[in-house]
Engineer: 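This is the structure, below, for whatever I ask next.
Quick note on labels: first sequence line is chain A, next is B, and so on, each numbered from 1.
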Amino acid sequence: MAQGILVFMEEREDKVKKTSLEALSAARKLADRLQETVTAVRLGSGDASENLAHYGADKVLCVRHELLASYSTEGFSAAVAEAAKKTEPRFILSAASAMGRDLMPRVAARLGVGLAQDCIAAEIVGEGQLQCVRPIYAGKAYAVVRLLASPAMATLRPNVFPVGKADASRNAETATITPDLDAGKIRASVKETKASSGQKVELTEADIIVSGGRGMKGPENFRIIEELADAFGGAMGASRAAVDAEWIDQQHQVGQTGKTVSPSLYVACGISGAIQHLAGMSSSKYIVAINKDPEAPIFNVADYGIVGDLFEVVPALTQAVNNLKK
Amino acid sequence: MKIVACVKYVPDTAIKIKITPDERGVELSDVSFIVNPYDEFAVEEALQIKEARGGEVIVVGAGTETATAGLRTCLAMGADSAVLLSDPVFDNADSYLIGKALASVCRELEPDLILFGKHAIGVDNGQVPSIVAQSLDLPQASVVTKLEILDQGFRAERDIEGAHEIVEGSLPAVITAQKGLNTPRYASLKGIMAAKKKKIDVRNLDSLGLSEEDKKPRLSVERITLPPSRPPGKILQGDVSQVVPELVKLLHEEAKVL
Ligand SMILES: Cc1cc2nc3c(=O)[nH]c(=O)nc-3n(C[C@H](O)[C@H](O)[C@H](O)COP(=O)(O)OP(=O)(O)OC[C@H]3O[C@@H](n4cnc5c(N)ncnc54)[C@H](O)[C@@H]3O)c2cc1C
Ligand SMILES: Nc1ncnc2c1ncn2[C@@H]1O[C@H](COP(=O)(O)O)[C@@H](O)[C@H]1O
């Protein structure tokens, strides 16, 4: 009988990612409902100092193998699938990060089970079945899907599930397994990782995002967007119009063909709010619009808005935020 | 090189969503369809590789007769031939069944490279390529923004959070395309004329040799809803020296995001 929840913990530079702690915290809540255990699976060799037990793991399963030194879809998915076969979990969860979205489909394919990608809610229904809500049509609709095969698998959209409060009184057992991996079956792997230039906080992980659109008028003006983003300690985004005009690099683009973000606060400056832009940011908790056109559609989704000239409003806002933080 | 590009015919990105009365689907009878934009990158990449190294490009789609138009578009761009896996079941099938069906055709075609889009818009899923890769026991690289074909393999760049990764692997392989990989060409008039003469091989589900296990649903859609509407916002108008402090106060005290 399948029991418990397995959570894949992503590590980058020897640190467990926050998005994985979100998945772990979500798993804890589901496991409490089921009165079952949570097993955190770590493939990295990084420092184990973050105590995964504090965030809800009952067991930490360290999967060690020299072939896991660098990421490969084949190697990692074989290792996670083997961990799943050993532990027979009811569910397998992961963050819907770049790695999670690459890895989990191949794990699901190996196990021959279903996977709900990029979920924004997960609950238990019936006799311990997993049911998830996932945005479709770029967030213009939500699908409620039930996972019918066992184990049920889901990836969780970053920034949507809160990280639980660390509970220092919790402990976890640790076990180590060495999966049976074949070097001949790892035919593609990551050879190098190059940091993207500029961005201090990664867009998809940022808690606050300030974006500029065509209303910015030119590349030099993105400085005021960056200053506001810095004041918030957040990241800088852009509309496609700004990216296509080459005012700002493509990695900043938010929207249907750019990144999907769900920060606590999204500030859209000089962005009209086209449906394809909304697709990438409408699941933000709070949306602020700064636009000189009171009829701009962005105001229909904004929680707060200022009708005005962004070249006056944005610098004044930067100053006010800096003053507040002092 | 023999290259397969898998293309899905999808509802246009600009459609307004209407939920069907049974609340299990989206009304698609009046909407226009397009080749999935990410699949266009896949087809373009296939054509560029063929132009550089020789070979052939085969586009494969699973759907109903309607999907023929999408395949014709790809033929007009320059693909050599097309295969349509035709069955109504594909329109609402699990990724698993679609993946197994595409894998079955790819197994027959024996390509050196299989290209996909990073996800099909609408379902926004990103799973079919992995099911194909696993079924055919192939290496894969996903969400690729740059692809080089080497004599013995490939080198791909993919975006991850705040960085990009260089993935190297052997061929045959499965690659999924992300925006930035290339700029898809428009079909020329000549291309459109030529496409009319190109062959679309129509295959039915039964000819694909899928097992009952492959066809078993792994996921059920319980309901489709519209996202909860946001309560009307507080829109401030007036002098900057007044509205800016007011906004900061709201963010601080009401939204508590500062
Ligand atoms: C298939 C497809 C995919 C797409 N994908 C994306 C995507 O991923 N992301 C995306 O963003 N778009 C995308 N688009 C494009 C989208 O349709 C819009 O064209 C784009 O979002 C518009 O960008 P914008 O709001 O910056 O520009 P505009 O629509 O031109 O709006 C500029 C706004 O700035 C305001 N403004 C001007 N000057 C000032 C000032 N001084 N102060 C204050 N306000 C000012 C104006 O009132 C206006 O509302 C896509 C389109 C298609 C067809
Ligand atoms: N019905 C289909 N026919 C052909 N290719 C498909 C189909 N469904 C998905 N694909 C391919 O798989 C990719 C990812 O789709 P998905 O996993 O459904 O998001 C798409 O970009 C296509 O390349």
Side-chain angles (χ1 to χ4, degrees), chain A residues 73-74 97-99 101-102 105-106 109-110 113-117 131 135-149 187-196 199 202 204-205 250 256-257 264-265 275-276 286 299 301-308 312-313 316-317 320-321 324, chain B residues 13-14 17 19 26 37 94 96 99 121-127 130-131 133-135 139-143 159-170 173 179-180 217-227 230 233-237 240 243-245 247-248 250-252 255 257-258:
Chain A
T73 317
E74 290 167 281
S97 57
M99 189 188 280
R101 291 184 65 114
D102 181 72
R106 185 105 188 207
R110 279 185 194 273
V113 300
L115 162 69
Q117 282 267 56
Q131 180 166 293
I136 54 172
Y137 291 93
K140 285 187 273 181
Y142 288 174
V144 180
V145 296
R146 191 172 296 184
L147 282 303
L148 305 175
R187 295 150 297 185
S189 60
V190 173
K191 294 291 176 221
E192 202 184 329
T193 305
K194 292 187 189 161
S196 304
Q199 195 79 297
E202 157 61 20
T204 52
E205 296 176 342
Q250 148 117 51
Q256 180 142 6
T257 37
S264 303
L265 176 63
I275 189 91
Q276 295 90 352
Y286 288 94
F299 285 121
V301 298
D303 299 280
Y304 306 110
I306 292 183
V307 180
E312 289 174 31
V313 176
L317 187 55
V321 172
L324 184 77
Chain B
T13 52
I17 301 287
I19 310 286
V26 170
D94 277 14
Y96 201 77
I121 64 163
V123 296
D124 296 359
N125 210 340
Q127 292 196 51
S130 302
I131 294 158
Q134 180 61 30
S135 304
Q140 68 179 104
S142 65
V143 197
D159 284 343
I160 59 167
E161 294 84 4
H164 46 265
E165 288 180 336
I166 314 291
V167 178
E168 283 177 15
S170 61
K179 181 177 185 228
R218 272 127 176 109
L219 223 96
S220 79
V221 175
E222 298 294 311
R223 218 163 41 249
I224 307 265
T225 62
L226 293 176
R230 286 177 170 266
K234 293 189 179 153
I235 310 301
L236 313 173
Q237 301 213 29
V240 171
V243 292
V244 166
L247 174 65
V248 171
L250 286 166
L251 292 176
H252 184 52
V257 286
L258 288 186

Engineer: Name the region of B:P245, side chain, backbone, both or neither, that has any atom closer than 4.5 Å to a heavy atom of chain A.
Structural biologist: neither
Engineer: Does any backbone or side-chain atom of B:D159 lie under 4.5 Å from a heavy atom of chain A? Answer side chain, backbone, both or neither.
Structural biologist: backbone
Engineer: So which of A:V190, A:L317, A:L147 has the biggest tally of heavy-atom pairs under 4.5 Å with chain B?
Structural biologist: A:V190
Engineer: Based on non-hydrogen pairs under 4.5 Å, which of A:Q276, A:R110, A:E312, A:Q250 is most in contact with chain B?
Structural biologist: A:R110
Engineer: Which atoms of A:V301 are under 4.5 Å from chain B, going by heavy atoms: the side chain, the backbone, both sets, or neither?
Structural biologist: both
Engineer: Sort out for me which of A:G308, A:A109, A:A138, A:G305 touches chain B most, counting heavy-atom pairs under 4.5 Å.
Structural biologist: A:G305
Engineer: Does any heavy atom of chain A fall under 4.5 Å from the side chain of B:L250, the backbone, both, or neither of them?
Structural biologist: both
Engineer: Which bit of A:S97 is near chain B, if near means a heavy-atom gap under 4.5 Å: side chain, backbone, both or neither?
Structural biologist: both
Engineer: So which atom in B:E165 and which in A:T193 form the shortest heavy-atom distance, rounded to 0.1 Å?
Structural biologist: CG-OG1, 4.1 Å
Engineer: So which of A:A320, A:P105, A:A149 has the largest heavy-atom pair count under 4.5 angstrom toward chain B?
Structural biologist: A:P105
Engineer: Measure A:Q256 against the heavy atoms of chain B and call it side chain, backbone, both or neither at under 4.5 Å.
Structural biologist: both
Engineer: Among the options A:A188, A:G139, A:A302, A:G114, pick out the one with the most heavy-atom pairs lying under 4.5 Å from chain B.
Structural biologist: A:A188
Engineer: Name all residues meeting the salt bridge (Lys or Arg N to Asp or Glu O under 4.0 Å) criterion together with A:R146; count only those two or more places apart in sequence or in a different chain, and write none if there are none.
Structural biologist: B:E222
Engineer: Please report the shortest heavy-atom distance between B:G122 and A:I136, naming the atom on each side.
Structural biologist: O-CB, 3.2 Å
Engineer: Quick check on B:L247 against chain A: is it the side chain, the backbone, both or neither that has a heavy atom closer than 4.5 Å?
Structural biologist: side chain
Engineer: If you look at every heavy atom in B:P217 and A:L148, which pair is closest and at what distance?
Structural biologist: O-CD1, 3.9 Å
Engineer: Checking B:I121 against chain A: side chain, backbone, both or neither under 4.5 Å from a heavy atom?
Structural biologist: side chain
Engineer: Looking at chain B, which one of A:V321, A:T257, A:T204 has the largest number of heavy-atom pairs inside 4.5 Å, strictly under?
Structural biologist: A:T257
Engineer: Side chains of B:V143 and A:D102: closer than 4.5 Å at any heavy-atom pair?
Structural biologist: no
Engineer: Below 4.5 Å, heavy atoms only, C-beta onward: do A:D303 and B:R230 meet side chain to side chain?
Structural biologist: yes
